[in-house]
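Counting from 1, the numbers follow the sequence of the chain as shown. Only this structure's heavy atoms are used, side chains among them; waters, hydrogens and symmetry mates stay out.
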Amino acid sequence: MALPQPNLYPVFNIVRLSHVELAVTDLAKSRAFYVDTLGLQVTDETSGAIYLRAMEERGHHCIVLRKAATPEARELGFKVFSDEDLDKAEHFFRGKGLPVEWVERPYQSRTFRTRDPHGIPLEFYSKMERLPPIHQKYALYRGVKPLRIDHFNCFSPNVDESVAFYNELGFRVTEYTQDEETGKLWAAWTHRKGGVHDIAFTNGFGPRLHHVAFWVPTPLNIIDLLDLMATTGYVGNIERGPGRHGISNAFFLYIRDPDNHRIEIYCSDYQTVDPDLEPIKWDLKDPQRQTLWGAPAPRSWFEEGSVFAGVEPRKADLAASPIVAP
């Protein structure tokens, strides 16, 4: 299936990804991981939730950790340009027969929840409470020195369908992997903010959240994090890396939080602002697309992910796989 042409004038204007809400089973353990180890900053804390932001962010939060009986991914949040865009977005989703529920969210303006056609829970708003800048408060920098949330990656049971839908929302494809036998997409990276991706889709049992990524200053910060994790009881939480991706050219590390949610630590990708930038195609059988250099991805990286609240994942339509059988 051919990639859709970039939709430069969508019905409403999404600025970027904004935040994620994760259900976690033990807030103390999650706090030790995200705050004391990774270095995210606490902006609010209650008996049931912790709100966090990274060092360059002015919005109140980029991640919400909410206590629950079982771990799951609750929301993927996106910021739209204006309140008018929020109304246009509501009209768009209702026109698609998708649910729209207006909700109250701490520190956010009018917010509505919906789902994409595969069931991924989405949240849209136009304004979030602004906090004073802390990017030059170097005494606060700890752990891997996270600067900002960078992207989501989700397992999709049909990547072509996911790309087509998010193309309607104005997301542009930067890189993709195609199964040559069927011509179908196996994975695709799409963006709004001018990086390689705000949200990516990988073929698999889904929808499920594959990972949330945070952008850090340099590869050396990732090495420092590995030293810290290896000596503070988190060596078993290191899943994959460090290494460099072929797709995105990013230096990466994948780790798991205490509830097994996957977090990518990420830097050194490239700019994709030009609207006529052609997507880069990769062969599914080329191992350098996922690992330009470094150890191959473990099977868990292809098969495990966080379930989304309220949606039952299904088997992928495409049977192709980059995993080579032993």
Side-chain angles (χ1 to χ4, degrees), residues 17 20 22 24 29-30 32-34 37-40 52 54 62-63 65 71-73 76 143-156 175 177 186-187 189 195-206 208-269 282 287-307 321-323:
L17 89 162
V20 62
L22 299 176
V24 299
K29 288 182 179 179
S30 293
F33 180 83
Y34 286 97
T37 305
L38 296 191
L40 290 164
L52 305 168
C62 67
I63 183 168
L65 305 173
E72 60 188 7
L76 302 185
V144 78
K145 300 180 179 178
L147 297 184
R148 57 187 176 270
I149 193 170
D150 188 83
H151 62 264
F152 309 127
N153 190 308
C154 299
F155 284 115
S156 170
E175 306 202 30
T177 299
W186 191 84
W189 286 253
V196 173
H197 50 327
D198 286 72
I199 188 167
F201 300 97
T202 301
N203 185 70
F205 184 66
R208 290 177 298 156
L209 179 64
H210 187 276
H211 67 263
V212 177
F214 291 93
W215 211 90
V216 302
T218 74
L220 289 178
N221 299 107
I222 293 176
I223 302 302
D224 288 342
L225 177 65
L226 286 163
D227 286 338
L228 179 63
M229 292 180 68
T231 55
T232 55
Y234 291 108
V235 69
N237 296 68
I238 300 168
E239 181 185 33
R240 179 187 173 197
R244 186 176 294 279
H245 287 308
I247 293 171
S248 81
N249 196 47
F251 195 91
F252 69 84
L253 174 70
Y254 292 91
I255 55 181
R256 309 295 279 268
D257 81 356
D259 288 285
N260 228 24
H261 297 302
R262 182 182 289 107
I263 303 296
E264 182 183 16
I265 309 299
Y266 182 93
C267 66
S268 306
D269 63 348
W282 289 82
Q288 284 194 299
R289 87 197 181 289
Q290 57 164 317
T291 313
L292 189 69
W293 61 261
R299 185 172 287 272
S300 62
W301 192 85
F302 293 102
E303 296 179 351
E304 296 176 9
S306 300
V307 297
S321 172
I323 300 176

Identify every side-chain donor-acceptor pair in residues 241-248 under 3.5 Å, counting partners at least two apart or on other chains, and give the distances.
unit_1, atom_1, unit_2, atom_2, d
Arg244, NH1, Asn249, O, 2.6
His245, ND1, Gln290, O, 2.7
His245, NE2, Tyr254, OH, 2.9
His245, NE2, Glu264, OE2, 3.3
Ser248, OG, Ala250, N, 3.2

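The main-chain N or O of Ile255 is never found under 3.5 Å from a side-chain atom of His211 such that the two would form a donor-acceptor pair. A distance-only check finds no donor-acceptor pair linking the side chain of Thr37 to the backbone of Tyr34 [under 3.5 Å].
A distance below 6.0 Å separates the ring centres of His197 and Tyr266.
Legend: residues meeting side chain to side chain donor-acceptor pair (under 3.5 Å) with Glu175, ordered by chain and number and at least two apart, are Tyr270, Trp282. Under the side chain to side chain donor-acceptor pair (under 3.5 Å) criterion, Thr202 pairs with Asn153, sequence neighbours left out. Residues passing the side chain to side chain donor-acceptor pair (under 3.5 Å) test with Arg208: none are found, sequence neighbours excluded. Partners of Asn260 according to the side chain to side chain contact (heavy atoms under 4.5 Å, CB included) rule, which considers only residues two or more places apart in sequence or in another chain, are Arg256, Glu304. By the side chain to side chain contact (heavy atoms under 4.5 Å, CB included) test, Pro217 pairs with Lys145, Leu147, Asn221, sequence neighbours left out. In this view, Ser300 and Glu239 satisfy the side chain to side chain donor-acceptor pair (under 3.5 Å) rule, not counting sequence neighbours.
Residues Leu209 and Leu22 form a side-chain contact, since some pair of their non-hydrogen atoms from C-beta on lies under 4.5 Å apart. With contacts defined as side-chain heavy-atom distances shorter than 4.5 Å, the pair Val24/Lys29 does not qualify. In this structure, the side chains of Pro219 and Ser268 come closer than 4.5 Å at one or more pairs of heavy atoms. You'll find the side chain of Pro298 reaches within 4.5 Å of the side chain of Arg240, heavy atoms only. You'll find the side chain of Leu76 stays beyond 4.5 Å of the side chain of Leu17, heavy atoms only.
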Should Thr177 and Trp189 be marked as a side chain to side chain contact (heavy atoms under 4.5 Å, CB included) after you check the CA-CA gap, both sets of side-chain angles, and the distance that decides it?
-> CA-CA 9 Å; Thr177 299; Trp189 286 253; 4.2 Å; yes
Decide side chain to side chain contact (heavy atoms under 4.5 Å, CB included) for Ile63 and Leu40; before the verdict, give the C-alpha distance in whole Å, the side-chain angles of both, and the deciding distance to 0.1 Å.
-> CA-CA 9 Å; Ile63 183 168; Leu40 290 164; 4.2 Å; yes
Given Trp186 and Arg289, is the side chain to side chain contact (heavy atoms under 4.5 Å, CB included) satisfied, shown in steps?
-> CA-CA 12 Å; Trp186 191 84; Arg289 87 197 181 289; 4.1 Å; yes
Applying side chain to side chain contact (heavy atoms under 4.5 Å, CB included), run through Trp301 and His210 and close with a yes or a no.
-> CA-CA 8 Å; Trp301 192 85; His210 187 276; 3.3 Å; yes
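What you find for Pro146 and Leu38 is that their closest heavy atoms are CD-O, 3.1 Å. Annotation for Cys62 and Ala54: closest pair SG-N, 4.0 Å, computed over non-hydrogen atoms. Of all heavy-atom pairs between Leu228 and Gly143, the closest is CD2-CA, 4.2 Å. Closest non-hydrogen pair, Asn237 versus Pro258, comes out as ND2-N, 4.3 Å.
Listed by first and then second residue, the salt bridge (Lys or Arg N to Asp or Glu O under 4.0 Å) pairs involving residues 196-205 are Lys193-Asp198 (not counting sequence neighbours).
Taken from CD1 in Ile265 to CH2 in Trp215, the straight-line distance is 12.5 Å, to the nearest 0.5 Å. Atom CG of Asp259 is separated from atom OG of Ser30 by 5.0 Å, given to the nearest 0.5 angstrom. The CG atom of Asp269 lies 8.5 Å from the NE2 atom of His151; values are rounded to the nearest 0.5 Å.
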